[in-house]
Amino acid sequence: MFAGVALRGPFLVLCSAAVLLLIGAASRAASATTPGAVDASRLQAADSEPQNWYTAGRDKDGTYYSPLATINASNAKDLGFAWQYDLGSPLRGQEATPIVVDGVMYTSGTWGYVYAVNAATGREVWRYDPKSDFFAARNPCCDLVNRGVAVWKGKVYVASGDGRLHAVDAATGKKIWEADTITDHKQPYASTGAPLIAGDAVVIGNAGADMGHGGVRGYVAAYDLETGAFKWRFYTVPPAVGQPLETPDLAAAAKTWDASRDPQFKLGGTAWDGFAYDPDLKLVYFGTSNAAPYDLRQLGKARLDALYTASIIALHAETGLLAWYYQTTPRDSWDFDAVQKMILTDLDVGGATHQVILQANKNGFFYVLDRKNGKLLSAKSYTYINWASGVDMKTGRPVITKDSDWYASPKSVYPSWAGAHTWNPMSFSAKTRLVYIPVIDTPAVWVDMAHNGGDVKFLDGFFTANGLFPDDTYDAGDLKRLFGPLPSLEEIKATRKVKVVRELIRAWDPIAQKIVWEHETSSGIRGYDGGIMSTAGNLVFQGRGSGGLWAYAADSGKVLKVLHTGSHIMAAPTTYAVNGEQYVAVQVGYGGTAIAEGPFPPSSAAVKYQNTNRIIAFKLGGGPVPTPAARVAEAFEKPPAQSAGQEVIHAGEVKFIEECSRCHALGLSSTPDLRRLNAGLHAAFKDIVLHGVLAPAGMERFDDILSETDVDNIHAYLIDQAWVAYRAQEAAAHK
């Protein structure tokens with residue numbers, strides 16, 4: 001069907017190399033005294049300044065590929081430590097890829113802090129505290145992460161966790177302006193993604209479609225680059241029935257939602273990551289998340305598509321009006337967001353050249369869309385899936401299988417709600433013409449909690465459904481009391497000849513639509529491995545949860561070097577040069593969605609070492625990487641006396657699972673183990689949970705959701721679990 005497809009990537013520039021060099025030289029001269037001087041001409045000619053990394057994905061096309069080749073497949077074995085920079089606390093997830101402009105590195109961290117660092121030495125130039133309002137909204141989904149900044153004409157743009165957009169002076173770190181992008185702070189909105197520069201506007205979305213009891217209403221907004229003045233807003237889903245539609249595009253969307261729906265459901269469709277911009281077409285591209293709730297039967301009997309959730313959308317950058325859309329997963333019931341990062345390039349299809357978007361979607365299909373009009377050109381599964389048998393190329397719709405129907409009974413669905421690929425960037429190499437994808441090959445056991453007979457009926461982040469990872473800790477018998485009858489691990493394992501839960505790096509040929517090479521990066525339990533970067537040195541880099549930064553030969557997949565850092569790596573690396581010396585750098589720290597999945601994976605570097613948040617840079621001839629301080633197991637203190645009965649304790653367990661387990665696990669985790677509360681925290685427990693006295697540390701208030709009785713029950717459950725752990729500790733000590 002796709003014979004005769006030839007690739008013409010961004011590496012085949014439309015003007016001569018000489019012209020590019022002239023443009024680059026002029027831009028470099030203009031920027032000599034202006035920090036952060038990225039503009040349209042420099043970005044267009046990014047390949048002529050390979051020492052810089054201008055955007056999150058380096059270039060205007062978001063390739064995560066660098067033309068640098070000083071570090072290459074023949075000498076990668078000589079890579080070693082150059083410098084490190086401490087990002088400070090709290091020690092949470094780090095998901096940003098640093099930008100480097102003229103020897104200065106710009107990046108963001110927890111809550112939306114911004115850092116400017118000398119890219120050759122790691123010396124701090126400045127840091128910016130966005131003073132995020134800890135009480136403005138429910139804790140960000142997921143964790144206090146931030147996926148990066150945008151740098152443009154002497155300014156650094158970042159969205160803080162509370163949804164404010166900040167413009168910061170690239171030279172001094174002083175705030176120039178800020179704009180509140182959240183329409184309703186009573187709803188669990190948050191901002192975790194990187195802003196996008198699109199013409200004379202900066203564009204940002206938000207997160208929260210999974211949160212609370214009704215999710216949020218998704219939208220994208222644009223603000224003037226110079227002043228922060230509001231320009232336009234595009235809502236991705238319609239308002240409550242009977243409310244006016246803000247844009248004409250919502251009329252079509254409204255017809256795809258049940259008209260009898262309860263207004264408590266805000267419908268979701270947030271755009272929390274994966275933005276792109278075509279300056280020639282003047283189109284902004286982004287993907288949207290799942291519908292809220294996951295179980296769309298709660299909205300009514302109509303089985304409709306739920307536009308514009310789980311879709312790739314193109315807007316006119318000047319007006320914010322819809323240009324086109326393509327829905328990847330109509331009536332999504334599996335949390336198959338379409339927010340994965342997109343790469344822009346050109347493809348020849350059947351003899352005609354198409355300007356395209358490439359996306360390895362969460363649902364397991366690799367999409368090639370014409371970015372002028374959204375026409376589907378290719379959709380092939382890049383991993384094992386069972387929820388659909390393929391995509392109908394005439395209609396563009398997936399062909400759904402009976403294995404996906406968890407309404408009838410719990411089902412093991414591939415891929416899981418984590419996706420076959422999620423926010424972690426993939427990379428497209430101009431040298432090999434391959435796409436390198438961080439793949440999650442694992443199912444979720446989907447269960448309708450409201451009707452399956454278990455005690456837990458609701459789960460923050462999942463509504464009335466649940467998607468359980470059938471990893472090596474999964475025990476259907478133990479889970480039955482909470483979630484009802486589930487398929488056994490043995491039944492699930494029988495469907496595959498490989499480990500049920502694993503992660504891989506895959507080199508994917510977008511022309512032949514096949515895997516060229518792969519490596520398994522974690523097995524048996526999710527490793528939360530990192531994003532990918534490739535270079536002209538025939539190299540591919542990816543970090544793993546186990547703490548290694550792996551370098552592969554881009555053409556063959558041969559392992560060339562493993563740099564052991566002692567830190568869990570989730571973000572994609574960057575590479576750049578200063579004074580002719582090439583560096584590779586990566587931001588490290590465990591967190592993000594992982595905090596909802598319980599204790600650190602056993603293979604995580606954060607089990608052995610402290611979860612120190614830092615940037616680590618490498619160069620040829622460098623030494624071993626300094627590891628963080630070792631993690632020392634703390635003894636359980638004797639808990640307070642337990643006065644509650646089993647009925648209260650069980651009620652507390654159910655409520656803890658429903659409202660607290662999204663962030664807190666009873667074990668070694670990036671959030672506090674609540675079995676280890678000291679006397680002061682026990683005494684203040686009610687004020688902490690209900691009134692948010694620890695909100696600056698990321699523990700928001702819950703007085704809008706939990707009653708005093710709920711909190712007392714949760715406290716009783718935690719004391720019970722503390723006694724279980726303490727007695728086990730004492731028994732082991734006296735053996």
Side-chain angles (χ1 to χ4, degrees), residues 23-24 26-49 51-63 96-108 112 114-117 119 125-126 128 130 146-160 164-179 181 191 193-205 220-232 273-280 282-286 317-318 341 344 574 576:
I23 293 172
S27 297
R28 286 193 294 273
S31 67
T33 58
T34 308
V38 183
D39 58 20
S41 63
R42 285 192 94 179
L43 190 56
Q44 180 68 34
D47 285 357
S48 71
E49 296 188 77
Q51 75 276 13
N52 291 320
W53 187 281
Y54 285 132
T55 68
R58 188 192 70 86
D59 49 25
K60 65 181 179 62
D61 298 320
T63 61
T97 297
I99 288 172
V100 180
V101 182
D102 302 325
V104 180
M105 178 180 289
Y106 305 94
T107 192
S108 61
V114 183
Y115 308 88
V117 178
V125 179
W126 52 258
Y128 172 73
N146 192 284
R147 296 186 191 87
V149 299
V151 180
W152 196 257
K153 294 184 177 179
K155 298 182 181 67
V156 181
Y157 299 89
V158 70
S160 54
R164 286 176 297 135
L165 183 62
H166 305 249
V168 179
D169 187 286
T172 66
K174 302 296 183 183
K175 181 171 65 178
I176 297 173
W177 57 257
E178 71 173 55
T181 73
S191 289
L196 173 76
I197 306 299
D200 61 358
V202 53
V203 181
I204 191 67
V220 171
Y223 298 83
D224 183 85
L225 283 169
E226 294 299 318
T227 67
F230 172 76
K231 293 178 72 69
W232 51 256
D273 197 28
F275 285 68
Y277 175 62
D278 186 318
D280 296 322
K282 295 183 179 178
L283 293 179
V284 171
Y285 307 100
F286 62 93
E318 295 176 350
K341 293 176 177 65
L344 310 185
T574 185
Y576 58 92

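This is a predicted model, so every value here is computed, not measured.
For D200, the side chain to side chain donor-acceptor pair (under 3.5 Å) criterion is met by no residue, not counting sequence neighbours. With sequence neighbours left out, Y106 forms a ring-ring contact (aromatic ring centres under 6.0 Å, His included) with no residue at all. Scanning for ring-ring contact (aromatic ring centres under 6.0 Å, His included) contacts around Y277 gives an empty result, with sequence neighbours left out.
Not a single donor-acceptor pair under 3.5 Å links the side chain of R147 to the backbone N or O of A56. Between the side chain of D273 and the main chain of G193, no donor-acceptor pair closer than 3.5 Å is present.
T107 and A96 get closest at one heavy-atom pair: OG1-CB, 3.6 Å. Scanning both residues, L225 and G199, for their nearest heavy atoms gives CD1-O, 3.4 Å. The heavy-atom pair separating R42 from Y54 by the smallest distance is NE-OH, 3.0 Å. Of all heavy-atom pairs spanning P98 and T574, the tightest one is O-OG1, 3.4 Å. Between V203 and F275, the closest heavy-atom pair is CG1-CE2, 3.9 Å. Between W177 and D224, the shortest heavy-atom contact is CZ2-O, 3.4 Å.
One side chain, D39 or S41, offers a donor N or O that lies under 3.5 Å from an acceptor on the other.
Between Y157 atom OH and I176 atom CD1 the span is 7.0 Å, to the nearest 0.5 Å. Between atom CG of residue L165 and atom CZ of residue F230 there is a gap of 12.5 Å, rounded to the nearest 0.5 Å. Atom NZ of residue K282 and atom CD of residue E318 lie 5.0 Å apart, to the nearest 0.5 angstrom. Taking CD1 of I204 as the reference point, atom OH of Y223 lies at 9.5 Å (rounded to 0.5 Å). The CD1 atom of I99 sits 6.0 Å away from atom OG1 of T55, with the distance rounded to the nearest 0.5 Å. Atom NZ of K60 sits about 6.5 Å away from atom CG of D280, to the nearest 0.5 Å.
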Test log, rule side-chain contact (heavy atoms from CB on, under 4.5 Å), inputs T97 and W53 = CA-CA 10 Å; T97 297; W53 187 281; 3.9 Å; yes

Verify side-chain contact (heavy atoms from CB on, under 4.5 Å) between V101 and E49, making sure each step is shown before the conclusion.
-> CA-CA 10 Å; V101 182; E49 296 188 77; over 6 Å; no

Test log, rule side-chain contact (heavy atoms from CB on, under 4.5 Å), inputs V168 and W126 = CA-CA 11 Å; V168 179; W126 52 258; 3.9 Å; yes

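Among the candidates S191, S160, S108, the single residue satisfying the side chain to side chain donor-acceptor pair (under 3.5 Å) test with N146 is S108.
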